[in-house]
Each structure stands twice: as C-alpha cells, then as structure tokens.
**Q** 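Just dropping this structure here.
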2 protein chains.
Amino acid sequence: MSTKSIKSKNDFSTEEKIKNAARIVFHKKGFAATRTRDISEESGINLALLNYYFRSKENLFNIIMLESLQGFFQSMSSAFNDETSSLENKIEILVNNYIDLLIENPDIPIFILSELRTNPKELISKIDIKKVLLKSYFFKQFQSYVKAGKITPIHPMHIMMNLAGMIVFPFIMSPGLKEIGGIKQDEFNKLMLQRKAMIPKWIQAIIKVK
Amino acid sequence: MSTKSIKSKNDFSTEEKIKNAARIVFHKKGFAATRTRDISEESGINLALLNYYFRSKENLFNIIMLESLQGFFQSMSSAFNDETSSLENKIEILVNNYIDLLIENPDIPIFILSELRTNPKELISKIDIKKVLLKSYFFKQFQSYVKAGKITPIHPMHIMMNLAGMIVFPFIMSPGLKEIGGIKQDEFNKLMLQRKAMIPKWIQAIIKVK
DNA sequence: GTCTATATACGGATAGAC
DNA sequence: GTCTATCCGTATATAGAC
C-alpha cells in the first residue's frame, strides 16, 4: 500500500533462488538422490545457471550444509554456554528453541545425520561441536550439580542423548508416523507443542535424586 | 578338527555373498549413493552376477529393505503384543532387545528412516506398523493403566517417542559423537549397556503419578 | 546474465564367450 | 554359473550464441 514497494516473495536474486531451492531439495532427498535438474525446476531457473553461480553441485551442497549446521547448532551453543542461567533454565530454553526450529524445518536433522553417516570427517570439521557440547558451560554446570548432590550422578552424555532423543527423534520418525499411524501434520505439531512443556519436567524427573 | 567340515566364513553361495554385501553397503550409504560396483567389490563377486541373481539394483534393494524392516519391527511387535506381561515388563524387554540389536546393527535405524523420507508409501506398506504400534496390546494396556490412575494421563504416543528417542537416537548420532566428541566405539557401547538398566527406570519416573 | 545445445563421465544393465 | 567387453541412458558440466 505504501509508495515504497514491499519485497515480494519472487523478488530474490537468481543466486538466492537457487540456494533456496537447493536447501529444500537437499534437505528432502540428500546429496546423492538430488539431481541438479531437481534444483533448477524447484527454483524455476535455467539449469546452466546453477554451474554459473556455484561451479558444481558439490560446492552448492557444501554451502547449504554449512549453513544448515550453523543454523542447527547455534541455538544449542548459545543456550548451553549462557553462564547466567540455571541448569533447569538452560533445558527449558533449549527445548523451546528447538521445537520451534524443528516445526519450521523438520527435515534438517535427518538431512544432517544421514549425510554425516557417509562423509563424517569433512562435514563435522566445519562446526566445532566439541565446544558446543563437551566443553560447554552446561557440562561444567551439570558436573557441579552432581558434586553438590543436587542430581543423580550419571555421565552427562546420557542427559544429552535423552534431550536430543526426546526433542529431535519425533521429527525424524514423523514421515513414518504420518504415513502409517495416520497422524496428520497438525496433530503431530500439536503433540510437539505439548512436549515443549513436558520434556523439561521429564528431564527433571530423570536426573533428580530419589 | 572333526572329520565333518565346519562351514567356514567364506562358505556362502554367490547369492548369499551378494546379499550380505548389499546389506552392508545399503545400510551404510543408502540406495542412491550405493553403486552396484560397490556391492560387487564388497562381496568379491563379479559385477554381472548381481544382475544375474537379482535382475536389478532396485530389486536387490527392496529385498534388503524388507528384511531390515522385518528384523527391526519383529522384536517390537512381539514385546508389545505379549498379553501376559505387565507394562513395566514390556518396556524392560523392549529396551534390552533393542539395545542388543542396535549394538550389532547400528546402521539399521538411519537406513530405514532416511529411505523412508524419500519413498514413504511403498516401503511402509510392506510392514503393518499400525498393528505393531497403534493397535498393539501395549497401547491398550497403557490406556487401562491411565484409567486406573496408575500412571499420569498423556497421549501414549509421547511414551513411544520417548522410548524410541532414548533407545534409537544415540545410535543415529553416534557417527557424530565418535568423530567429534572423540568418543570411541567401546566407550559408546559401554554407555549403551548402561542405558539398558536406566531407560526403564527413566520411563517409570516419567509416567508415574506424582 | 541467461539461454540452447552438447560434450563428457558415470553407472546400471546386458551380450556373448567360456 | 562366471567372466570380459560393451551398450546405453542419465546427470553433471561447459561452450557458445544472444
């Protein structure tokens, strides 16, 4: 309505169009099953332009993968390395952030994990997960809670696995649930929103001393 | 040492050699990234014999997938549909069976799930998961426990997700953990064996009324 | 920058000798 | 049943006109 034009949704540069389409197709089908033709069709651009802008399919893939890794782990890193919040708080923030993120981008985890299985070395070196996970303030804090007798003494990796499993795994199995369980998209999302409140409580129940 | 010869590990028919190699390679790389040449090299047989015995790569894949699905879900089905065991018992059996299964075959879940994401319809019709999950005796039993006030009233799907997440997800993320966390195979397996005892207790803590 | 046409490589599958 | 050699479709990438 204003005289200054609003950017319409087709108002992307060719390069952006290709990247957006590549993200969608790579996330859905993985590197090997994706054809450059799929990306050109998804984006509406000419096939040759993909190589003009990105040199090769593999190069384009690496760009998408790097951005996906960063997008996925930055929330974790910021939640885990905040030195002002309590352990309980960190968990709440993490669960909230990730369920929101995954409702918007449900294909990211299976994309990362299935590519990771083939290429481990190169991909993982792109993101310093040691820093995000094992050297995080969350880990230190967990250990100090154990020492103080506040929580039951187990390897903090178990809590990481439980958190990741409870948050991420439902999204990974959702194609199966929808196809066979007959669970529809909005039912699924409703369940996931319920989990935002429940997972932190469950984790508390698991780690508290009896 | 006996006069009757023991079957040596190379004493497989050509058909078996191909299937065994195909299982390994498909599980590790998925359908699209697997070349028939990879399978022939892994098995040591001639490339042309793959088509002689199995007609096509796709046909061979379908055989492997069907067997993998059956192998993965039969334990679940038998544990969930045993009408004699308690809910607590079913969970213990399930956790035990699956962690053993996954330590032996850690690639099965990511294989099934990543193929599922591309082909949902055909694959899933091969196994009646509705029967295994949603119509299982486990589900009915869960509902009756809720009615009796023994456990907190939530959608049983949440428990399914938590179980699956706690059991299966660590194996899916293990390539990442090993590569970056610097966690070695035997450390990982030790953690998984710890979880055999812990997961049932955690699930109890989650579902019990406060 | 964008298009059409094409070069080139690769992978699944088969023909045909043994 | 097993091998070698090869066919042929498909997919990535590029050349070159506009």
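Computed from a predicted structure; not experimentally measured. Labels below follow one simple rule: chain letters A, B, ... track the order of the sequence lines, proteins then strands, and each chain is numbered from 1.
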**Q** Of the listed nucleotides (dC3(C), dA13(C), dT12(D)), which one gets closest to any side-chain atom of Ala48(A)?
**A**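 For the Ala48(A) side chain, the nearest candidate turns out to be dC3(C).
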**Q** Looking only at side chains, do Asn62(A) and Glu58(A) share a donor and an acceptor under 3.5 Å apart?
**A**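 No donor-acceptor contact under 3.5 Å links the two side chains.
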**Q** Check whether any side-chain N or O of Thr14(A) sits under 4.0 Å from OP1 or OP2 of dG1(C), and answer yes or no.
**A**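 False: Thr14(A) side-chain N/O out of range (4.0 Å or more) of dG1(C) OP1/OP2.
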**Q** Between dT14(C), dA13(D), dA11(D), spot the one nearest the side chain of Ser56(A), thanks.
**A**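 Selected nucleotide (nearest to the side chain): dA13(D).
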**Q** Which whole-number value in Å describes the distance from Glu15(B) CD to dT2(D) C1'?
**A**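 About 15 Å, once rounded to whole Å.
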**Q** Would you indicate which nucleotide in dA15(D), dA13(C), dA13(D) comes nearest to any side-chain atom of Leu47(A)?
**A**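 Given the options dA15(D), dA13(C), dA13(D), the side chain of Leu47(A) is closest to dA13(D).
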**Q** Answer yes if the side chains of Thr36(B) and Lys57(B) hold a donor-acceptor pair under 3.5 Å, and no otherwise.
**A**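 Side-chain D/A pair, Thr36(B) to Lys57(B): absent.
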**Q** Lys17(B) NZ to dG1(D) P: how many Å, rounded?
**A**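 Lys17(B) atom NZ is separated from dG1(D) atom P by 13 Å.
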**Q** Going by atom types only, do Arg23(B) and Asn105(B) share a side-chain donor-acceptor pair under 3.5 Å?
**A**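 The criterion, which ignores hydrogens and geometry beyond distance, is not satisfied for Asn105(B) and Arg23(B).
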**Q** Determine: side-chain N/O of Asn46(B) to OP1/OP2 of dT4(D), distance under 4.0 Å, yes or no.
**A**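 Yes, because at least one side-chain N or O of Asn46(B) sits under 4.0 Å from OP1 or OP2 of dT4(D).
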**Q** Expressed as a whole number of angstroms, how long is the span from Asn51(B):CG to dA15(C):C1'?
**A**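 Rounded to the whole Å, the gap is 12 Å.
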**Q** Take atom CD1 of Ile45(A) and atom C1' of dT4(C), then tell me their distance rounded to the nearest Å.
**A**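 Interatomic distance, CD1 of Ile45(A) to C1' of dT4(C): 14 Å.
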**Q** Using whole Å, report how far NZ of Lys57(B) lies from P of dG9(D).
**A**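 Computing the Lys57(B):NZ to dG9(D):P distance gives 18 Å.
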**Q** Specify the separation, in whole Å, of atom CG of Leu49(A) and atom C1' of dT12(D).
**A**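 Going from Leu49(A) (CG) to dT12(D) (C1'), I get 15 Å.
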**Q** Counting C-beta onward and ignoring hydrogens, is there a side-chain heavy-atom pair between Ile18(A) and Tyr52(A) closer than 4.5 Å?
**A**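 In short, these two side chains do not touch, never coming nearer than 4.5 Å.
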**Q** Compare the minimum distances between each of dA13(D), dG12(C), dT14(C) and the side chain of Thr36(B), then state the nucleotide with the smallest one.
**A**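 Of all the options, the side chain of Thr36(B) is nearest to dG12(C).
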**Q** Output the rounded distance in Å from CZ (Phe12(B)) to P (dG1(D)).
**A**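 Spelled out: CZ on Phe12(B) to P on dG1(D) is 17 Å.
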**Q** Can you find a side-chain donor-acceptor pair between Ser114(A) and Arg117(B) that sits under 3.5 Å?
**A**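 Ser114(A) vs Arg117(B): donor-acceptor pair found between side chains.
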**Q** Scan Thr34(B) against the nucleic acid and name what it touches under 4.0 Å (heavy atoms): base, sugar-phosphate only, or nothing.
**A**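 Touches sugar-phosphate only.
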**Q** If you look at every strand shown and take non-hydrogen atoms under 4.0 Å, does Tyr53(A) touch a base, only sugar-phosphate, or nothing?
**A**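 Touches sugar-phosphate only.
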**Q** Distance check needed: dT4(D) C1' versus Leu50(B) CG, whole Å only.
**A**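 My rounded result for the distance is 17 Å.
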**Q** Heavy-atom nearest nucleotide on DNA chain D for Arg35(A) versus Tyr52(A): which residue maps closer to 5'?
**A**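 Closest to the 5' end, via its nearest nucleotide, is Arg35(A).
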